[in-house]
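First the structure, in the form of structure tokens, and then the observations on it.
All figures in this text were calculated on a predicted structure; none of them were measured in a lab.
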Amino acid sequence: MTERRAILSGSTFEEQIGYARAVVDGDWVHVSGTTGFDYTAMTISEDVVEQAEQCLRNIGSALAEAGCGFADVVRVRYLLPERADFEPCWPALRRCFGDVRPAATMQVCGLADPRMRIEIEVTARRAALNS
């Protein structure tokens, strides 16, 4: 039987909506759409680049708890309300994904809270289990 477990970040949204930051299912790790909230303080910057960097810190924490990292990411989805906000985030995104080159999609859409300017979702495959 494959391992399936939820990883929680402490975000109040997880409890209110009923989801986990990430789900480990065997060697796959599915990280929910993650915004730029600092979950310890439940604050969010107004700056899209700072939000992107916080998204990546939040995702990195979930991946680490799952036993993997950015090098294991095979798929990334970027969701933004404003297309023009995407390019300023590229340097931060490139730092995590530039050498990894996961399959990627960027979509312009509304997000759950008007303060949210970017949301990032990733899927990873834990390398240690692939060998």
Side-chain angles (χ1 to χ4, degrees):
M1 182 158 247
T2 61
E3 168 196 13
R4 185 179 192 283
R5 69 180 166 97
I7 294 173
L8 304 176
S9 68
S11 164
T12 58
F13 298 124
E14 292 168 353
E15 181 64 30
Q16 292 169 346
I17 299 169
Y19 72 96
R21 172 65 36 225
V23 173
V24 177
D25 188 6
D27 57 347
W28 291 99
V29 180
H30 305 273
V31 180
S32 294
T34 302
T35 64
F37 270 93
D38 175 341
Y39 297 126
T40 58
M42 284 310 290
T43 58
I44 191 167
S45 171
E46 292 182 14
D47 181 77
V48 70
V49 174
E50 289 177 20
Q51 285 192 27
E53 291 169 348
Q54 184 64 51
C55 289
L56 295 167
R57 283 191 293 274
N58 295 340
I59 290 167
S61 293
L63 291 171
E65 189 170 338
C68 61
F70 286 105
D72 299 300
V73 172
V74 298
R75 182 73 158 126
V76 60
R77 288 181 183 89
Y78 306 106
L79 309 168
L80 296 95
E82 299 292 331
R83 186 200 58 75
D85 281 346
F86 190 45
E87 191 170 349
C89 297
W90 290 358
L93 304 175
R94 191 169 40 253
R95 279 192 295 279
C96 290
F97 301 116
D99 292 335
V100 179
R101 305 284 178 135
T105 300
M106 182 278 203
Q107 182 176 6
V108 175
C109 62
L111 299 179
D113 182 316
R115 295 173 293 175
M116 298 172 180
R117 297 182 61 191
I118 186 169
E119 184 169 333
I120 303 171
E121 172 189 335
V122 304
T123 302
R125 188 163 186 210
R126 298 187 297 178
L129 298 177
N130 296 328
S131 51

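- When atom types are taken as modelled, the side chain of Arg117 and the backbone of Glu46 share a donor-acceptor pair closer than 3.5 angstrom.
- Contact record, Ala66 with Val24: CB-CG2, 3.6 Å, taken as the closest heavy-atom pair.
- Ile44 and Ile17 fall within a single hydrophobic cluster, where Ile, Leu, Val, Met, Phe, Trp and Tyr side chains are chained together by heavy-atom contacts under 4.5 Å.
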| message | Walk me through whether Arg75 and Thr105 qualify under side chain to side chain donor-acceptor pair (under 3.5 Å). | response | CA-CA 8 Å; Arg75 182 73 158 126; Thr105 300; 3.1 Å; yes
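- By the 4.5 Å heavy-atom criterion applied to side chains, Asp99 and Phe70 are not counted as neighbours.
- Counting all heavy atoms, side chain and backbone alike, Thr35 lies closest to Asn58 at O-ND2, 3.2 Å.
- Side-chain contact between Phe13 and Met42: present, with at least one pair of heavy atoms (C-beta onward) separated by less than 4.5 Å.
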| task | Just do the side-chain contact (heavy atoms from CB on, under 4.5 Å) check on Phe86 and Leu93 with the steps written out, would you? | result | CA-CA 10 Å; Phe86 190 45; Leu93 304 175; 3.7 Å; yes
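- The two residues Tyr19 and Leu8 make their nearest non-hydrogen contact at O-CD2, 4.1 Å.
- A distance of 11.5 Å separates CZ of Arg77 from CD of Glu119, quoted to the nearest 0.5 Å.
- For the atom pair CG (Leu63) and CG (Leu56), the distance works out to 10.0 Å, reported to the nearest 0.5 Å.
- The cluster map of Ile, Leu, Val, Met, Phe, Trp and Tyr, joined by side-chain heavy atoms under 4.5 Å apart, puts Leu79 and Met116 in the same cluster.
- In terms of heavy atoms, Ala52 sits closest to Ile120 at O-CD1, 4.4 Å.
- Separating the CG atom in Leu80 from the CD atom in Glu87 is a distance of 12.0 Å, to the nearest 0.5 Å.
- Clustering ILVMFWY residues whenever any of their side-chain heavy atoms sit less than 4.5 angstrom apart, transitively, puts Trp28 in a cluster other than the one holding Val23.
- Put simply, the side chain of Thr34 gets close to the backbone of Ser32: a donor and an acceptor are under 3.5 Å apart.
- In the hydrophobic clustering of this structure, Tyr78 does not group with Phe37; members are Ile, Leu, Val, Met, Phe, Trp, Tyr whose side-chain heavy atoms approach within less than 4.5 Å, directly or through other members.
- Gln54 has its side chain within reach of Asp38: a pair of non-hydrogen atoms, C-beta onward, lies under 4.5 Å apart.
- Taking every heavy atom of both residues into account, Ala71 and Val100 meet most closely at CA-CG2, 3.7 Å.
- Classification of Glu14 and Arg21 as a salt-bridged pair holds, one side-chain N sitting under 4.0 Å from a carboxylate O.
- The number of heavy-atom neighbours closer than 6.0 Å to CD of Gln16, taken from other residues, nucleotides and ligands shown, is above 12.
- Between Ser45 and Glu50, the closest heavy-atom pair is OG-OE1, 2.7 Å.
- Atom SG of Cys55 and atom CD1 of Ile118 lie 5.5 Å apart (nearest 0.5 Å).
- Between Glu65 atom CD and Arg5 atom CZ the span is 6.0 Å, to the nearest 0.5 Å.
- Clustering ILVMFWY residues whenever any of their side-chain heavy atoms sit less than 4.5 angstrom apart, transitively, puts Tyr39 in a cluster other than the one holding Val122.
- Ion pair Asp27/Arg125 flagged as a salt bridge, since at least one NZ, NE, NH1 or NH2 atom sits closer than 4.0 Å to an Asp/Glu carboxylate oxygen.
- Taken from CZ in Arg95 to CD in Glu53, the straight-line distance is 5.5 Å, to the nearest 0.5 Å.
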